[in-house]
Visitor: 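Supplied in C-alpha cells, the structure appears directly below.
Because the structure is a prediction, the values reported are computed rather than measured. Below, chain A is the first sequence line, B the second, and so on; all start at residue 1.
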There are 2 protein chains.
Amino acid sequence: MSESRTQRPATVADVARTAKVSKAQAARALGGYGAVSEPVRTKVLAAAEQLSYRPNALARSMNTGRSQTIGVVIGDVENPFFGLATRGLSDTLRQNGYDVVLANTGERVDVEQDAVRVMLDKRVDGLVVSPASSLHVDHLSGVLASGRPMVFLDRSIPRLGVDSVEVDLRGLARQATRELIELGHRRIGFLSAVDAPSDTYSPDIELSNSSVAERLAGIVEACGEASIEVDPAWIRLNLPTPDSISAATRAMASLENAPTAVIASDSMVGLEVLTTLRADAVRVPDEVSFLMFDDMPWSSLIDPPITVISQPAYDMGVLAAQTLLARLGNPQIEAARHVLEGRVVHRESVARVPVPRPAGTQGAASTT
Amino acid sequence: MSESRTQRPATVADVARTAKVSKAQAARALGGYGAVSEPVRTKVLAAAEQLSYRPNALARSMNTGRSQTIGVVIGDVENPFFGLATRGLSDTLRQNGYDVVLANTGERVDVEQDAVRVMLDKRVDGLVVSPASSLHVDHLSGVLASGRPMVFLDRSIPRLGVDSVEVDLRGLARQATRELIELGHRRIGFLSAVDAPSDTYSPDIELSNSSVAERLAGIVEACGEASIEVDPAWIRLNLPTPDSISAATRAMASLENAPTAVIASDSMVGLEVLTTLRADAVRVPDEVSFLMFDDMPWSSLIDPPITVISQPAYDMGVLAAQTLLARLGNPQIEAARHVLEGRVVHRESVARVPVPRPAGTQGAASTT
C-alpha cells in the first residue's frame, strides 16, 4: 500500500506488460480508439486498475480538446469547512481523471475576480466557486458566457441559474435559535466575519455572502416568531480578524442588555469568541450559552463540549464534483439547488437562561 | 473599507482621474516605461495606492513574457499549518502583483507529480512546493531543468540545491524530548501520519518526508543522549486516517512497557490521539503526558491546555514568497536553507512521570 504510493506512475507499457498484450493494443484499449477485441479490452482495463494507471493528461487533452483540469475557487483556505469540502471535491475529481487547481479568495471579491480570470486563462474545463458576493457577479457571468460549466459550493445566486450545493443554513439557524428561545433566551447574539455594509444589524441589511445571509435570516425569523425585537448591537458583522472578534465579544458582553446566548457564524469565529470568554473568566454555559456553525474535532474536547450546527462538508465537496462532472457530460441539464442535510449536535455549551442572581450569590444554571 | 472591497477593481483611468493627470501619463508611471516627471510619478503611485490599483495581468504578461502566476503545491490543505502558511504566501505574492494557484497533494507523490506537471502546463512563473518525498524527485528536477525558480516550504532535499524555508524541527524535537526525560519519562511515544516503509521504528528507517524525519531524529537523539533504547512499538507511522491513529494510540497504551509521554507529529494527529484518550478516560497529564507539533487556537482551550512545539507558519509562507520573488528577480542567487525560529510552548499537558501506584490508590502526579 505505502509502496505503491511512492512508485513512479504506471505507463501504457506497464499496463501492456501486465495484461500480456502489445503496447499498441493497450494504447488503443486505454484510449478507447481503434479496433480492439473485447477479451483484450477487459484484460487491459483490469491491468490498468491493478496498476492505478492514469492516462497522460497532455496526450488526452490533444485528443479531447479538454485540459482535464477543474478550477476550485474557495472562500477561505484556513476555514476547516473548506479544507474538508476541498478534499471531497479533489477525491471525486481525481477518481474521474481530473486534476484540481485551487485558488483562495479570502472572501474578497477583487481576489475572486482575479482568481476566476486566472482559471479561465489557464483553460480549466469547469469551475467550482463559493462566491464571496451575490452582488458583484460580472466575472461569474463571464464564466457562463465562456460556456464552461460551473457549480457553486456553500452558496447560491439564484438569478444566475447555476447549480449550487448547500445545506439549509436558514432552517438550521432557525431551529437552533428556537431551541435557545425554548430555554428562556430572549437576547441572542450573532458574530460573523462577513464583509457587510454596516457593523451591526438592521432589518433592511443586505449581506452579499448568501451563506451568512441565510444564517442571520434564520436567527431573525425565529426571534420574530417569538416576538423578540432584535437589538442591532446583538448582531456584529465585519469581523475579519481575531482582534476584531475579541473586541466585539467584549462589547456585546458589556451591553446593559447583553445577550444570554451567542451564536458564532463559523468555527474560526467561534474559537476566538471562546478564547475571549475564557480570558475574561466568563463561564459557558452558566453565564452565557454558546453555539457555533460547523462541527470540528476539537468541539467535543474543550470544556464544556460545544453545541454545534454540523454541515456535511466532505459530502458537499463530493456532490459539487459529481454535479460538475454530470454537467461536463451533458451541458443541457437543468440547473438546481442541491440541499444536503445538516443537524444541530447538542453538547454542553447551551443551558437554560440563567436566573438573575441576587447580589452575593452564585446563580445556578441547569444544564440541558 | 468594506465598500472598497466590493467595488469593481480600479482602472488606469481611475488612477489618472484621482491623480489629476492624463491617462497616458498614468499608464507610463504605472508601467514604469516612457518619460514621466517625478512629481507626476509620485502623484500617480499615491493614487494607485489609495485606490488599491492592481495592473491588468494579461497586459503585463504581454509586456514581460510572464504569466504573473505562482504555483503553490502543498502537502495537506486540511492541516491548519498549511492553511496559515498558504495565507502568508498568498498575501505576499499578491502584494507583489502575482496571482496564486494552489494544488493539494494529500502527501501523495503521484498526486504531487500530477500537480507539478499541471503547474508547468499552466505556465506558472515559479513554484513553491512542500515535497511529499525526498526520494522520488524526478518531477522536481524537471522543474529545475525548465528554468523556473522553485522554493521548498517546510521541507528540504539538500542534493537538489533548492531554497528551503523551514524551522529547526530536529532541534525542537530534541529539546522537547530532553524536557520529558528531565521529568522522568524514559518511555516516549511518537505518532505520525507519514507514509513510511514500516509501521514502527527501526534504527535504519528512511522516511521520505524530511519534515517528519527531522522530528523523529530529534526524539531519537535525545533518547540516545540519555541511554534510552527506543522500543520500535513506541513509534507508530503510516497513520493516514483518524481510525488508524485511534487504533495506534490504543495499541501503544496497552503495551506492557507503554509510553508515559506521547508526542503527536502534527495537530491533526494530536486531535485524534486526544479524542481517543478522552474516550478511554485516560487522564492527561496524570496518566500520560502529551505534546504535539503546531500551536492551534484550540490548544489552550481544551482541558488540559496542551504543550506544543510552535512553528511560525504564516511567517514561513511570507519568507518562502520573498525567497521566490528574489529568485525571480535574480536567478543567480545561491540557494540556501532558511531556518526560522520555533519554540516549545509550555502548558499543562506535560507532567512528571507518574509514580507507579500501589494497588487501590490513585497515583498523584505533580504538574509542571
Visitor: What do the steps show when you test B/Asp76 against A/Arg87 for salt bridge (charged side-chain N to carboxylate O under 4.0 Å, His left out), and what is the final call?
Guide: CA-CA 9 Å; B/Asp76 184 0; A/Arg87 184 153 61 82; 5.9 Å; no
Visitor: Nearest 0.5 Å please: distance from the CG atom of A/Leu301 over to the CH2 atom of B/Trp298.
Guide: 7.5 Å
Visitor: Counting heavy-atom pairs closer than 4.5 Å to chain B, which one of A/Asp91, A/Asn79, A/Val124, A/Ile302 comes out on top?
Guide: A/Ile302
Visitor: With a 4.5 angstrom heavy-atom cut-off, could you sort out which part of A/Val72 is near chain B: side chain, backbone, both or neither?
Guide: neither
Visitor: Could you tell me if the side chain of A/Glu78 sits less than 4.5 Å from the side chain of B/Thr86, heavy atoms only?
Guide: no
Visitor: Just give me the residue among B/Leu274, B/Leu84, B/Asp303 that pairs up with chain A most often, heavy atom to heavy atom, under 4.5 Å.
Guide: B/Leu84
Visitor: Do B/Val101 and A/Leu102 come within less than 4.5 Å of each other through their side chains, counting heavy atoms only?
Guide: no
Visitor: Could you pull out the closest heavy-atom pair between B/Val77 and A/Val77, with the gap in Å?
Guide: CG2-CG2, 3.5 Å
Visitor: In this structure, which one of A/Asp121, A/Thr69, A/Val118 forms a side chain to side chain contact (heavy atoms under 4.5 Å, CB included) with B/Lys122?
Guide: A/Thr69
Visitor: Before accepting this row, confirm whether a basic side-chain N of the pair A/Arg117/B/Asp99 lies closer than 4.0 Å to the acidic partner's carboxylate O.
Guide: yes
Visitor: Can you say whether A/Pro297 sits under 4.5 Å from chain B via the side chain, the backbone, both, or neither, judging by heavy atoms?
Guide: both
Visitor: Stepwise, does the side-chain contact (heavy atoms from CB on, under 4.5 Å) test hold for A/Met296 with B/Leu271?
Guide: CA-CA 10 Å; A/Met296 293 295 129; B/Leu271 265 174; over 6 Å; no
Visitor: I'd like to verify something: which residue of B/Thr275, B/Val111, B/Leu135 has the highest number of heavy-atom pairs under 4.5 Å with chain A?
Guide: B/Val111
Visitor: Is B/Asn104 close to A/Val100 at the side-chain level, that is, under 4.5 Å between some pair of heavy atoms?
Guide: no
